[in-house]
Amino acid sequence: MKKIFFKNARGLKLCGVLETPNPNSKEVVVMVHGYSSDKDSSTYVMFGKVLAAKNMNSFRFDLAGNYESEGKFEEQTISTMVEEIAAAVEML
């Protein structure tokens, strides 16, 4: 498990966790938390463990304005969330 910081299109620092039980694979399941949740909620941690048990890599991250990521929660929109998912995929 490795904590990773990366930037979104607005230059805000986002925080994620990469789990690579299969480092030879370039495939990664990207998990995005729901409203008022975060990457370290019990649900997403459990999903990461289930995927790891199946030898699948995963990446979960906090959207801007949530938990360890910069930004203001009230500025979050569907468009900014989509941009941040794209930034996570590009970073990976």
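Heads up: numbering here begins at 1 and tracks the sequence.
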* **Remaining members of hydrophobic cluster (4.5 Å side-chain criterion), Val45** => none
* **Beyond-backbone contact of His33 with Asn66, side-chain heavy atoms, under 4.5 angstrom** => yes
Anything under 3.5 Å between a donor and an acceptor, one on a side chain of residues 4-15, the other on a protein residue two or more places apart or in another chain? List them.
from	atom 1	to	atom 2	distance (Å)
Asn8	OD1	Arg10	N	2.9
Asn8	OD1	Gly11	N	3.0
Asn8	OD1	Leu12	N	2.8
Asn8	ND2	Glu84	OE2	3.0
Arg10	NH2	Glu84	OE2	3.1

* Asked: salt bridge (charged side-chain N to carboxylate O under 4.0 Å, His left out): which pairs involve residues 34-45, sequence neighbours left out?
  -> Lys39-Asp62, Lys39-Glu68, Asp40-Arg60
* Is it true that Val30 and Met81 fall in one hydrophobic cluster, defined by side-chain heavy atoms closer than 4.5 Å? -> yes
* Linking directly or through intermediates, with side-chain heavy atoms under 4.5 Å: list the remaining ILVMFWY members grouped with Met1, chain and number order. => Val17
* Establish whether Met31 and Leu18 are linked, either directly or via other cluster members, by ILVMFWY side-chain heavy-atom contacts under 4.5 Å. => no
Enumerate donor-acceptor pairs with a distance under 3.5 Å from any side-chain N or O in residues 49-59 to protein atoms, sequence neighbours excluded.
from	atom 1	to	atom 2	distance (Å)
Asn57	OD1	Asn22	N	3.0
Asn57	ND2	Asn22	O	2.9
Asn57	ND2	Ser25	O	3.3
Asn57	ND2	Glu27	O	3.3

* **Closest approach of Thr20 to Pro23 (non-hydrogen atoms, all atoms of both residues)** => O-CD, 3.6 Å
* Asked: Which pair of non-hydrogen atoms, one from Val32 and one from Phe61, has the smallest distance, and what is that distance?
  -> CG2-CE2, 3.9 Å
* Mind checking what makes ring-ring contact (aromatic ring centres under 6.0 Å, His included) contact with Phe73, not counting sequence neighbours? -> Tyr35
* Leu63, Val89: one ILVMFWY side-chain cluster at the under-4.5 Å cut-off? -> yes
* When rounded to the nearest 0.5 angstrom, what is the spacing between OG in Ser42 and CZ in Phe47? -> 9.5 Å
